[in-house]
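Naming convention: chains lettered A, B, ... in sequence-line order (proteins, then strands); numbering from 1 in each chain.
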Amino acid sequence: MKFPPVEEQMAVIERGIVDLVDRQALQARLELSRTEGRPLRVKFGIDPSSPDIHLGHTVPLRKLRDFQRLGHRVIVLWGTATAMVGDPSGRNKTRPALTREQVEQNKQTYRAQVGAVLDIANIEERENGEWFLRQSFMDCIALASRYTVARMLERDDFQKRYKERQPIAVHEFLYPLLQGWDSVELCCDIEIGGSDQLFNLLVGRDLQAQSNQTPQICLTMPLLEGLDGSQKMSKSLNNSIGVAESASQQFGKLMKVPNELLAKYFLLLTDTPTAVVEPLVQNPLEAKFALAAAIVTGFHGNDAAMAARAEYDRVHQRGGLPDELPEWSPNQDTRRTADGRVALPTGIAAAGLAPSTSDARRLIQGSGVRVDGVVCTDVNAAFGQGTYVVQVGKTRAARWIIRD
RNA sequence: GGGCGGAUUCCAGAGCGGCCAAAUGGACCAGACUGUAAAUCUGGUGGCUCAGCCUUCGCAGGUUCGAAUCCUGCUCCGCCCA
């Protein structure tokens with residue numbers, strides 16, 4: 001196995017990172033790996049606790065890919081056991097517990113999505129259920145005895161919650177120990193995580209040292225803010241861009257990234273060199289197009305990215321229609337007016353363009369609804385036999401086919 | 001085990017007998033503007049057969065002409081003492 005010179009490796013590794021504990025040890029270990037021809041074992045734990053991966057998750061995954069390209073051994077550790085405990089990092093609430101079935105299901109969908117970033121044929125996949133699901137309660141006690149309450153409470157998340165009188169369940173104290181123990185089981189050289197993971201990663205060092213292993217190097221990546229520009233990207237906050245979303249969805253959402261965040265998105269989600277990014281960001285619109293194209297190409301290929309761009313131009317810059325226009329026709333349950341026509345609010349709700357008739361009415365009154373391209377503000381409008389294109393806002397539209 | 005405090009619409013958080021579908025902020029949606037689905041500004045955000053009607057303020061009862069607001073019990077949660 002041939003590895004690039006340490007200097008070169010360091011440059012790749014350090015791009016975009018937050019913490020590195022510690023830098024000298026990393027250099028030394030890279031040196032050693034080079035002389036011995038031994039790849040370093042780089043672990044990344046994923047708790048399959050929600051069904052989808054978004055761009056925020058891809059930040060550490062991309063760093064793993066860097067390691068993979070440098071020739072090192074990437075270990076993806078599925079937290080099948082830890083997902084059932086729930087990581088307290090960055091949380092102000094206890095996570096809901098998951099069943100084994102949910103975890104297994106999530107893992108399957110995750111796996112496919114991880115493959116969009118990593119060369120999945122070339123990684124080591126493990127599950128911490130391998131050891132934790134077999135251990136006894138006494139093993140758990142033994143593990144718990146390795147750390148003190150005071151040290152746990154040092155942790156920012158816990159301190160905050162404690163001060164704010166939020167509940168902290170006892171099992172949440174166990175989480176960092178489980179994660180740290182994984183590193184012992186896997187003999188990790190390096191562990192990667194989000195910057196909120198630093199505490200957990202450091203616990204791994206302590207446990208490794210106690211087990212006579214060389215403590216792992218801890219490397220953290222920034223947390224990616226979501227489209228709202230302030231909170232961490234998260235599906236439940238509805239500010240995320242999913243890996244599995246369509247090209248046009250991704251493209252559109254990327255155009256929504258706040259201007260201030262552009263440079264960060266480039267740094268963490270693309271390979272574009274900083275020297276190119278800096279001048280580019282001066283023109284936010286162009287930068288956004290470039291960003292969206294780069295990311296969408298990565299997940300869907302060049303053609304899909306071009307098509308998404310073309311659709312964006314048409315829909316948003318010229319007020320045109322999206323590529324895919326769903327069709328809708330009334331059925332027996334659809335309420336009709338006295339003369340047998342379909343009232344506009346009723347139809348909008350029935351066609352799924354708005355959550356309720358009341359909401360549809362408001363949209364109509366707020367001139368957010370167009371029929372065949374013409375704004376309609378008449379709440380009492382109704383349509384008989386024919387075909388109509390009904391648009392709600394810029395992105396929601398349907399072709400109504402009313403046969404009678 | 002004892003004492004105290006709390007549960008409000010998507011979230012946070014006002015309201016403490018009628019003026020409450022419920023302040024304010026966030027989030028979200030729509031509109032204007034900008035070759036940005038950014039920023040800024042404006043409007044909206046329980047449902048409906050919609051100038052009216054119906055259902056919401058932890059759950060179940062009760063007092064009252066009238067309750068998110070008062071009383072009783074229950075459930076869940078936080079804090080303090082042991």
Report summary line: Whether each nucleotide of nucleotides 52-57 of chain B has a protein heavy atom under 4.0 Å at its base (B), only at its sugar-phosphate (S) or at neither (-) is summarised, 5' to 3', as ------
Query - Residue A:Arg335, side-chain heavy atoms: nucleotide from B:A30, B:U36, B:U49 that is nearest - result: B:U49
Requested in this report: Output the single nucleotide from B:A38, B:G35, B:U45 whose closest atom is nearest the side chain of A:Arg362.
Outcome: B:U45
Can you tell me the pairing partner of [N] across any strand shown, Watson-Crick or G-U wobble, with both distances under 3.5 angstrom?
N	result
B:G31	B:C41
B:U72	B:A60
B:C19	none

Report summary line: Residue set satisfying ring pair (Phe, Tyr, Trp, His ring centres under 6.0 Å) with A:His57, at least two apart, ordered chain then number -> A:His54
Test: [X] and [Y] ion pair at under 4.0 Å:
X	Y	answer
A:Asp196	A:Lys232	yes
A:Asp313	A:Arg309	yes
A:Glu124	A:Arg126	yes

Query raised in the report: What are the residues of residues 340-356 of chain A, sorted by number, that bring a heavy atom to within less than 4.0 Å of RNA chain B?
Result: A:Ser356
Query raised in the report: How far apart are the closest heavy atoms of A:Asn128 and A:Ala81, and which atoms are they?
Result: OD1-N, 2.9 Å
Query raised in the report: To the nearest angstrom, how far is A:Asp359 atom CG from B:G43 atom P?
Result: 18 Å
Query raised in the report: When only distance counts, do a donor and an acceptor, one from the side chain of A:Ser358 and one from the base of B:C50, lie under 3.5 Å apart?
Result: yes
Query - Aromatic plane relationship, A:Tyr110 with A:Trp78 - under 30° parallel, 30 to 60° tilted, over 60° perpendicular - result: perpendicular
Query raised in the report: Any luck finding a side-chain donor-acceptor pair between A:Gln210 and A:Arg146 under 3.5 Å?
Result: yes
